[in-house]
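Keep in mind that this is a model prediction, so the values were computed, not measured. All chains are named by letter (A, B, ...) in the order of the sequence lines, taking the proteins before the strands, and each is independently numbered beginning at 1.
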Amino acid sequence: MTITTLLLVLLSAVFVNNFVFAKFLGTCPYLGCSKDTSSATGMGLAVIFVMTMTSAVCWAVYHFFLYPSTANVLYLVFGSAQAAAADSAYIKTHFDLTFLSTLSFILVIAALVQFVEMVIQKVSPALYSALGIYLPLITTNCAVLAVAILNIDGMMLHGTQLGYGHSGSLLFALMNGFGGGVGFTVALLLMSGIRERLDLGDVPRPLRGMPIAFITAGLLAISFMGFLGLVK
Amino acid sequence: MTTQLKELTKGLWEQNPIFVIALGLCPTLAVTTSVRNAIGMGVSTIFVLVLSNVLISAVRTIVPDKIRIPCYIVIIAFLVTVVDLVLAAYFPDISKAIGLFIKLIVVNCIILGRAEAFAAKNNPWRSMLDGIGMGIGFLIALLMVSGIREVLGANKLFGYVVFPGWRPIGVMVLAPGAFLTLGLLLGWKRLSELKH
């Protein structure tokens, strides 16, 4: 995997396939936390951090526990190499736990967020006071679970070039997670800037609050469509 | 009986999860490109919501308070995996179009919100009624958004042409159309309430 591919993955995750505008992921925190710029910054940084961590940890869980391969820990502990040598489908029929991916990812994310919160609280109280209240909210941010699932699908889609067991698949997951988080933050900051000004505007009464936020998001999404075709 | 009926009907319109409580917006925006996808999503959500409400309400006295949320999530994730595999087996085209969002029902705020706000405090029968009502309310909202988007954006309904010879507004089936439609629908609901 070359640097160019990695940069393309990053660029496309930030702009072209923006999590909010192109994939509709994380819409609830996007509308809930974009009322002012300071909370948008805090939420955005927390999301970047958690999404990158999640990508790495879920990659490891999928790679070493769920996906049937010779690197699967359960196979290494309980499997028999003779049976695998005799029957080429042995690992696949006995150690394929991929159907558990959604369940294990959400548990991993919930535990990870809790853990990160405790570590930050201990190590850096300043950072904790900035991000603290946003971290628990992230567990239910669907963008985080989605990036873990999309990383797997993305690696499948790239097939031979980026297939499982390829050393680049972890890098791909990290780039996708980091880029997705950055894209979410860009969307959140843009929106919070606009909404701070919207408060001063004369919006028709039925449209105040949520409805005008949606219409604003629609107009922003139109402008983000301009990035289509930037990355093939 | 009347209070039980109220548990069922309150979610349909008065406390509609999308239009009033504004929960579960991601799937509402993402899967409403066609009415068919919206029905697939709505029915899957109803299944998960009803069963999770019943199961959570049944175990509400056994589960310690401190670890209730992880327990709820495990129950919900189990039900979602069932739906995901059933859809992939019997409706592969729907599964291909909205599969990611079926998996994301796990983190749908409606499900966990109803578990925490209703099922954890009420008996299984009432929780079931609440789940059915809220689920149908969600389906109604999905149908409204997807109906508008499919007619305006593709000039089709269930795949059949609606106005022959009319050129559809392509942007309505793309991402911006979802935000615009939902924003205007929310505004319309607000307008009808302000008049009363």
Side-chain angles (χ1 to χ4, degrees), chain A residues 17-32 99-107 109-111 114 136-150 152-153 203-225 228, chain B residues 18-20 22-33 69-70 73-85 88 99-113 171-172 174-195:
Chain A
N17 293 318
N18 187 290
F19 266 60
V20 178
F21 295 131
K23 290 193 184 139
F24 305 112
L25 294 165
T27 321
C28 299
Y30 172 66
L31 290 166
F99 65 91
L100 282 178
S101 46
T102 313
L103 190 99
S104 46
F105 287 172
I106 187 69
L107 289 177
I109 290 167
Q114 199 95 77
L137 293 175
I138 290 176
T139 312
T140 53
N141 184 338
C142 59
V144 178
L145 180 59
V147 83
I149 296 170
L150 283 172
I152 295 173
D153 293 347
V203 179
R205 255 184 82 203
L207 291 181
R208 269 176 214 171
M210 260 325 194
I212 196 72
F214 269 106
I215 293 167
T216 314
L219 296 177
L220 274 174
I222 292 181
S223 64
F224 262 71
M225 277 170 66
L228 283 178
Chain B
I18 300 294
F19 292 135
V20 180
L23 288 177
L25 298 169
C26 306
T28 318
L29 295 166
V31 305
T32 49
T33 46
I69 302 281
I73 289 181
V74 171
I75 292 174
I76 296 167
F78 156 71
L79 292 168
V80 168
T81 308
V82 171
V83 173
D84 186 34
L85 294 177
L100 174 64
F101 285 88
I102 296 290
K103 291 193 179 91
L104 291 180
I105 295 178
V106 180
V107 282
N108 189 325
C109 327
I110 297 175
I111 315 268
L112 204 57
V171 79
M172 293 305 282
L174 298 175
F179 285 109
L180 292 176
T181 312
L182 195 54
L184 291 174
L185 275 176
L186 281 175
W188 169 71
K189 173 102 171 56
R190 201 71 73 75
L191 183 69
S192 63
E193 274 157 18
L194 284 176
K195 275 185 183 157

Asker: Counting heavy-atom pairs under 4.5 Å with chain A, which one of B/A178, B/P70, B/A30, B/P27 comes out on top?
Answerer: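 The residue among B/A178, B/P70, B/A30, B/P27 with the greatest pair count is B/A30.
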
Asker: With respect to chain A, which residue among B/L29, B/L191, B/L185, B/L25 yields the maximal number of heavy-atom pairs within a distance under 4.5 Å?
Answerer: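 Ranked by heavy-atom pairs under 4.5 Å with chain A, first place is B/L29.
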
Asker: Drop me the distance from A/I215's CD1 to B/T181's OG1, to the nearest 0.5 angstrom.
Answerer: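 Output value for this atom pair is 10.0 Å.
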
Asker: Determine the interplanar angle of the A/F21 and B/F179 rings, folded into 0 to 90°, and report it as parallel if under 30°, tilted if 30 to 60°, perpendicular if over 60°.
Answerer: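 It falls in the perpendicular class, over 60°.
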
Asker: Does any heavy atom of chain B fall under 4.5 Å from the side chain of A/L31, the backbone, both, or neither of them?
Answerer: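 Just its side chain gets close to chain B.
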
Asker: Against chain B, label A/L107 side chain, backbone, both or neither, depending on which of its atoms sit under 4.5 Å from a heavy atom there.
Answerer: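 Contact with chain B: side chain only.
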
Asker: Could you measure the distance from the CG atom of A/L100 to the OG1 atom of B/T81? Nearest 0.5 Å is fine.
Answerer: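 Interatomic distance, A/L100 CG to B/T81 OG1, rounded to 0.5 Å: 7.0 Å.
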
Asker: Report the distance from atom CZ of A/F99 to atom CG of B/L85, rounding to the nearest 0.5 Å.
Answerer: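 Spacing of CZ (A/F99) from CG (B/L85) equals 8.5 Å.
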
Asker: Which value, rounded to the nearest 0.5 Å, describes the distance between B/L180 atom CG and A/T216 atom OG1?
Answerer: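 The CG atom of B/L180 sits 9.5 Å away from the OG1 atom of A/T216.
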
Asker: Measuring from B/K103:NZ to A/I106:CD1, what's the distance to the nearest 0.5 Å?
Answerer: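 Between atom NZ of B/K103 and atom CD1 of A/I106 there are 14.0 Å.
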
Asker: Just how far is it from atom CZ of B/F101 to atom NZ of A/K23, taken to the nearest 0.5 Å?
Answerer: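 So the CZ of B/F101 and the NZ of A/K23 are separated by 9.5 Å.
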
Asker: Out of A/I109, A/T102, A/L145, A/N141, which residue meets the side-chain contact (heavy atoms from CB on, under 4.5 Å) rule with B/V107?
Answerer: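 Only match with B/V107 under side-chain contact (heavy atoms from CB on, under 4.5 Å): A/L145.
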
Asker: Does B/L104 form a side chain to side chain contact (heavy atoms under 4.5 Å, CB included) with A/L25? I'd like the steps, not just the answer.
Answerer: CA-CA 10 Å; B/L104 291 180; A/L25 294 165; 3.4 Å; yes

Asker: Please determine, among A/G26, A/A110, A/P211, A/G218, the option with the most heavy-atom pairs under 4.5 Å with chain B.
Answerer: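 The candidate making the most pairs under 4.5 Å is A/P211.
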
